[in-house]
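Everything on this sheet refers to the single structure shown next.
The chains referred to below are lettered A, B, ... by the order of the sequence lines, with proteins before strands, and numbering in each begins at 1. None of these values were measured; they are calculated from a predicted model.
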Amino acid sequence: MIGLDVGSTTAKKVSIEDGEIKYEITDTHNWKDLITGIDGKDIISTGYFRNTVPHHASVTEITAAIYGVRHYFPDADVIVDIGGQDTKVIDIRKNNFTINDKCSAGTGAFLEFVANYFKIELTEMGSYHIRAKRIPAINNTCGVFALSEMISQLVAGYSKEEVIAGMHYAFARRISFMIPEAESLVLIGGTVKNKGMVSALCDILKKKVFVPDEPQIVNALGALKYFS
Amino acid sequence: MQKKIAITALVPPELIYACGCKPFDVNNVIPFSKKYPRNKLCAWTAIWQEMLSKREIKIDSLIVVAGGDCHNALVDGQKVAMSGIPTHFFFYPFDGSSEYLESQFQKVSDFLGGIKAPEKPEEIMELKKIGLQIDKKRAAGKLTSGDTFRILISFSDLASDLDTFRETISLIRETDIKINNRIALIGVPPIYPDFHDVAQSLGLDVIFDELPFEFIRHSGRDIQTIARDYCNYTFARPLDFRIKFLQKELKKRNVDGIIHYTQFSCHHMLEDDILRSNLDYPMLTIQGDLPGNTPEQIKLRLEAFREALERS
Ligand SMILES: Nc1ncnc2c1ncn2[C@@H]1O[C@H](COP(=O)(O)OP(=O)(O)OP(=O)(O)O)[C@@H](O)[C@H]1O
Ligand code: SF4
Ligand SMILES: [Mg+2]
């Protein structure tokens, strides 16, 4: 049995072998590579493409996230899943969820755009963030305006590092509006591998924040757990 | 020739038919529209504004429900008026005063040339009784959610012709439906024509439609009795009035969860947190924008809500 999360941006496969979690991640358009030789009846799917990929059963990312997070943090109250195209906030206590898929400022694609603009790798964003001496205030919570504000900050003399940190703060502020009162929260999704973004979010929320070792595969694991 | 009177929201059809005219609810065509209106806030008002101003719908005059309902309609209604269509603005009282409402209805009647068919309200009353039965049958699993919704929503203008409408509702076929989750749909009606069917296919059976229920529960025989009943139209009244009414109806129908449908750029979105804190049911809020079939992002929310209901 495998858990398969084919999201808007990446595809993730998880299996549990001898009690150990094994996973593979690829781009969404290559999802087929993850399941060569695997029968549909051995797949529990989740993610945007859950119903279009072969599967024995499917479950939404919301429910999958709850099951996946429980594996790492059994007492979690709130989950924030920041993926490629949207951000999902799940309040486990109230059995409630909200999805932001309208505003680009709250999605991984937004930070990807910033990285592309500076011609740096996404994986380097965190180290640029740490080197910032000042944080420029990016006031716009709308993605499109934030990008033009970013350019004016460069004109005003802020360094690349500082502007990147400013964008992480703008991003984190946008997300913080969605987060309910809670003592702690668990972050998952590919975008939370960006340490700069996580540190900005911690700073804004002033809450305990937990991140699993590999936050991107939690939903695939959750799908698997849901059916076993 | 009977005059065709467009209405933008609930204006008692009893009154329009009694004045010898036929009402036409402009909202009926919007879910099927392919328009991308210019200068848009809410797609509902923007689309009817454009269609009426460009004469894409043939009407004789327009009644805009401006007070106690929607400010977008008030502005878009004026644009239609400026395009040359005779337009009347109608205001519901916030305090529920039936005397005030009666004076408003008197003005509508004057605008339409006075009462000419005083027997019509009685006929409509009989049809609304059938509407209430249809609503009950759905809650008992005898009618599909979508078929029922389509009938109930048509009670705003009774298909512009009482005989045709009577015929249509007599054709509705009973079935046996296994209700999985009893859902109340509150707020404005979805702009997606397949919404009820999609929700039902995903295990969410809408058994209460807040606004369409308003369309069938008010009636009257003459201006005075119509005013006494319609003054309790919940959407025009203070929120606590509406909430009390909802609490009662939802309990009666034994609902499992609520879908609060809101529309992009609509003030009803501001009511979401108040409704959440006063209605003690799991609640999913969705926001629609342009018309068309239910988008995938909304289907995801519906499916996740079903899973949440089944977890609790
Ligand atoms: N090492 C990394 N550092 C920074 N960002 C990363 C890293 N790895 C992945 N990302 C970001 O994670 C995003 C993809 O996350 P994820 O795999 O959770 O998305 P998804 O599940 O496909 O999307 P969605 O849930 O919105 O459908 C990409 O937008 C990418 O920018
Ligand atoms: S959805 Fe809201 S803004 Fe749009 S017409 Fe209805 S009340 Fe007005
Ligand atoms: Mg995802």
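Looking at residues two or more places apart in sequence or on another chain, you find a side-chain contact (heavy atoms from CB on, under 4.5 Å) between A:K208 and A:S184, A:F210. Every residue meeting the side-chain contact (heavy atoms from CB on, under 4.5 Å) condition with A:I217, not counting sequence neighbours, appears here in chain and number order: A:K12, A:V14, A:I21, A:Y23, A:I25, A:Y72, A:E214. Every residue meeting the side-chain contact (heavy atoms from CB on, under 4.5 Å) condition with A:E121, not counting sequence neighbours, appears here in chain and number order: A:T123, A:E124.
Remark: A:F73 CZ is packed, more than 12 non-hydrogen atoms of other residues, nucleotides or ligands lying under 6.0 Å away. Few gaps surround CG on A:D27; more than 12 heavy atoms of other groups in view lie less than 6.0 Å from it. More than 12 heavy atoms of other residues, nucleotides or ligands lie within 6.0 Å of NZ in A:K22, so this atom counts as buried by the packing criterion.
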Check every N and O of chain A against chain B and note each donor-acceptor pair under 3.5 Å, with its distance.
residue, atom, partner, partner atom, Å
A:R50, NE, B:E303, OE2, 3.3
A:R50, NH2, B:E303, OE1, 2.9
A:T60, N, B:E307, OE1, 3.4
A:T60, N, B:E307, OE2, 3.0
A:T60, OG1, B:E307, OE1, 2.5
A:T63, OG1, B:E307, OE1, 2.4
A:T63, OG1, B:R311, NH1, 2.8
A:N95, OD1, B:R311, NH2, 2.9
A:N95, ND2, B:A308, O, 2.7
A:I99, O, B:R301, NH2, 2.9
A:D101, OD1, B:R301, NH2, 3.2
A:D101, OD2, B:R301, NH1, 3.0
A:D101, OD2, B:R301, NH2, 3.3

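If you measure heavy-atom distances from B:L284 to chain A, the contacts under 4.5 Å come from the side chain alone.
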